[in-house]
Amino acid sequence: MTEFVDTAAEAVAGVSDGATVLLGGFGNAGQPMELIDALLDSGTSDLTVVSNNAGQGDRGLALLIKERRVRKVICSFPRQSDSWHFDAAYRAGELELELVPQGNLAERLRAAGAGIGAFFTPTGYGTSLAEGKETREIEGRNYVLEHPIRGDVALIKALKADDVGNLVYRKTARNFGPVMAAAASHTVVQVAELVPSGSLDPENVITPGIYVDTVTALTPGTSQTQEAKQA
Amino acid sequence: MTEFVDTAAEAVAGVSDGATVLLGGFGNAGQPMELIDALLDSGTSDLTVVSNNAGQGDRGLALLIKERRVRKVICSFPRQSDSWHFDAAYRAGELELELVPQGNLAERLRAAGAGIGAFFTPTGYGTSLAEGKETREIEGRNYVLEHPIRGDVALIKALKADDVGNLVYRKTARNFGPVMAAAASHTVVQVAELVPSGSLDPENVITPGIYVDTVTALTPGTSQTQEAKQA
Amino acid sequence: MSRQNSTASQMDHQPLSREDLAKLVAADIAPGSYVNLGIGQPTKVSDHLTPEQRVTLHTENGMLGMGREAHGEDIDEELINAGKIPVTELPGASYFHHADSFAMMRGGHLDVCVLGAFQVSTGGDLANWSTGAPDAIPAVGGAMDLAIGAKEVFVMMSLFAKDGTPKIVADCSYPVTGLGCVSRVYTDHGVFLIEAQDGGPRLVLREAYGIAPEELVKRFDFPVVIAG
Amino acid sequence: MSRQNSTASQMDHQPLSREDLAKLVAADIAPGSYVNLGIGQPTKVSDHLTPEQRVTLHTENGMLGMGREAHGEDIDEELINAGKIPVTELPGASYFHHADSFAMMRGGHLDVCVLGAFQVSTGGDLANWSTGAPDAIPAVGGAMDLAIGAKEVFVMMSLFAKDGTPKIVADCSYPVTGLGCVSRVYTDHGVFLIEAQDGGPRLVLREAYGIAPEELVKRFDFPVVIAG
């Protein structure tokens with residue numbers, strides 16, 4: 001059952017040292033910035049972070065890395081013009097990197113949520129990123145065996161949640177949210193708005209509430225928020 | 001690019017003898033009955049049919065089987081109270097059956113659409129339906145290796161299509177439609193209504209038009225249909 | 001048969017009726033759970049779930065938030081459950097396609113799945129999809145997915161077969177649906193827990209109905225622990 | 001360099017500018033195609049697609065029906081392309097999550113993917129994700145998925161490296177992104193087709209720009225067939 005909390009700090013309170021944390025977002029779109037900031041404030045350390053990028057500028061994941069709270073990053077694209085904190089930690093040998101092609105990252109997360117033990121993907125075959133991995137030719141095409149990436153916690157961002165935790169997203173901010181929600185033992189979502197049950201069309205729910213454990217609405221104290229929480 | 005045709009007969013005209021045909025539906029919900037009837041009328045034979053069930057009563061797939069136009073059925077649940085045509089053909093040894101657990105059927109179709117070469121699933125491990133299949137223990141759990149099911153053609157039913165072929169479904173009639181649309185080389189859809197491009201919210205499209213090759217609207221000649229076709 | 005085995009102290013207790021069994025299972029489902037109820041007897045559990053439990057029902061043909069069976073004007077042939085019976089939709093429901101629905105099951109997101117069975121082994125193996133009769137038309141549906149697709153799998157069945165032998169067995173003689181997947185067995189004569197422990201699972205009788213626990217465990221040719 | 005190699009008969013022809021190259025690729029995309037344009041030079045192809053072509057653009061961060069780059073008030077930070085540049089939405093667009101988006105690519109549903117490259121081998125191997133420099137921060141993004149994720153992969157690049165050697169090579173010296181995946185190479189000096197045939201693929205020069213075809217093929221130390 002989905003719980004609703006008032007602050008980002010409460011929402012991330014359950015993240016332990018050493019946890020594997022799935023962070024939603026592609027660039028800034030869909031990045032749960034307030035939850036990441038709360039994670040930074042919480043002092044949690046020794047994290048493995050799974051995210052498409054590895055932080056930008058002096059915000060969010062970049063700060064977690066700067067503060068050496070991240071032991072390992074699993075991502076597809078850590079190198080950006082302003083990823084200096086990642087660069088520094090990585091070059092100093094203080095941050096482990098597992099580089100994963102973006103589609104394999106998405107599919108490995110999907111496999112974790114879907115109970116698939118492993119899968120053969122054509123992506124990366126014959127490249128250095130598949131070195132040491134099992135390969136197989138199937139019907140004339142070559143594949144690499146890839147395994148699920150499970151999270152202890154997922155921190156994601158959505159547009160709205162209803163009071164059973166169903167989520168809808170907005171435009172390309174959807175990106176990794178739905179697969180990460182299903183891939184983690186505990187999924188925390190920041191939303192712009194809470195709405196009463198029945199106000200999201202069941203045909204249009206993107207992430208059903210079964211995947212959502214904790215929700216916090218970050219729009220300062222709307223009455224809707226309170227109503228939904230009491231519904 | 002999606003083509004729009006006026007009749008079910010035109011929509012299934014491209015199905016060849018010997019084709020593997022994916023038929024949407026779970027029971028009657030989502031079953032593309034008019035397309036199946038047209039397939040029956042077309043005289044196509046030697047088909048491999050992939051569908052959750054194997055026909056009921058004296059309609060649709062049951063008639064295709066009765067007329068011995070189906071060589072093989074890949075399904076999860078052929079035995080129903082009124083599946084007498086399947087029963088007769090199967091007992092006569094005139095119909096091959098590949099019985100697949102329902103979730104493996106869905107996932108094998110999904111794998112075909114998603115370019116996955118094979119996957120390890122826990123479903124069926126240790127049962128007679130996994131006999132002869134490769135197995136593997138991964139992190140203490142046992143899995144069976146399953147391969148994609150690709151279709152030459154998919155025949156499915158949706159609620160609405162816009163004029164680039166985007167689809168929305170209705171309630172539990174959605175079932176196998178989206179995975180079959182992606183798993184077939186050519187996807188044919190019967191819809192209740194055609195709507196102009198831009199009238200489906202991009203957030204709520206379930207099957208993007210890229211997966212849809214041929215659409216026919218079965219509601220007799222609405223002006224909306226004509227407008228959409230000319231748009 | 002059970003009456004004959006009842007001890008004097010159990011005379012006022014009857015074996016559980018199907019209705020009572022459904023009530024018992026319903027009461028054992030934790031508040032807020034996501035639950036899939038199999039076709040047949042398990043479906044009756046929904047009649048006894050209370051609104052306060054806030055249990056969300058899943059149907060594997062693509063829906064969470066399934067309501068009661070639909071009647072009369074509520075019948076919509078595009079809104080059915082896995083048994084192809086028309087049902088209703090509750091506020092907070094959601095629809096999804098078959099691959100997403102079975103991903104939800106296979107991924108272990110459902111809290112409880114309640115299933116009927118022909119046999120359950122002491123190790124939690126389930127046999128409920130085929131009698132193994134050579135001339136039967138085989139059909140599996142979602143049975144194997146349901147067997148492995150929940151954090152806990154509860155079985156509901158009568159404890160004894162028509163020939164009087166228990167349907168909880170050392171090894172299933174019927175074709176299995178899944179291995180080591182059942183955690184509880186609810187029967188007319190008793191509720192059994194299959195508990196994981198070092199050296200393999202053990203079978204525990206939580207409570208007996210219409211028969212003394214000590215008498216009931218004698219009906220098995222393997223050890224059954226009486227919960228104490 | 002290309003000028004020096006031009007023969008007299010080609011004097012009125014120049015090597016293609018980046019703009020002309022983008023125009024050429026755009027014109028070669030079949031009407032009704034679903035297309036993914038990689039970051040950088042390939043993005044410019046969209047400027048030359050005509051409405052009559054009804055080409056639908058895919059961006060791997062979860063959208064079909066992507067429109068032009070957004071400016072001013074149209075900028076929405078939740079509507080970006082794979083290069084993280086704000087874009088617009090066209091009628092008929094749809095959004096989907098990352099696993100669905102890459103399933104669309106991996107499943108071979110896109111007609112064309114246009115990518116930049118460091119090198120392409122005569123067998124269609126692509127190198128475009130890493131220079132292999134030992135001190136570089138590695139980053140791959142969707143490059144390997146794009147390489148294998150379309151019915152046809154077109155590469156756009158300058159034909160010659162700064163040192164004058166061709167970037168179409170017998171074997172890639174840069175780390176590869178995918179094997180045997182490129183079908184056409186669009187360059188400033190010529191368009192090359194990599195055609196499958198028995199005994200392995202062959203490299204065909206479809207047309208040369210700013211240089212005679214016979215001169216151009218001499219620049220390679222492997223056979224290049226001139227289309228005739």
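Computed from heavy atoms alone, side chains included, the values below leave out hydrogens, waters and symmetry copies. Letters go in sequence order (proteins before strands), and every chain restarts at 1. All figures in this text were calculated on a predicted structure; none of them were measured in a lab.
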Residue, of A:Pro202, A:Gly103, A:Gly117, that accumulates the most heavy atom pairs under 4.5 Å with chain B: A:Gly117
Region of B:Ile138 that comes under 4.5 Å of a non-hydrogen atom in chain A: side chain
Between the CG atom in B:Asp201 and the CG atom in A:Asp201, the distance rounded to the nearest 0.5 Å is 10.5 Å
Greatest number of non-hydrogen atom pairs under 4.5 angstrom with chain B, of A:Arg141, A:His147, A:Lys171, falls to A:Lys171
Interface residue of largest heavy-atom contact number with chain A, from B:Asn142, B:Val168, B:Asn204, under 4.5 Å: B:Asn204
Indicate the atoms forming the closest heavy-atom contact of B:Glu203 with A:Arg174, along with that distance. O-NH2, 3.0 Å
What's the spacing between B:Phe119 CZ and A:Glu107 CD if we round to 0.5 Å? 10.5 Å
So what's closer than 4.5 Å to chain A heavy atoms on B:Glu146: side chain, backbone, both or neither? neither
How many angstroms lie between atom CZ of A:Arg110 and atom CZ of B:Arg110, to the nearest 0.5 angstrom? 3.5 Å
Atom of B:Gly115, atom of A:Pro122 and distance for their closest heavy-atom approach: O-CD, 3.3 Å
Working to the nearest 0.5 angstrom, can you tell me the gap between B:Thr121 OG1 and A:Ile116 CD1? 5.0 Å
Smallest separation among heavy atoms of A:Leu145 and B:Arg136, with atom names: CD2-NH1, 3.3 Å
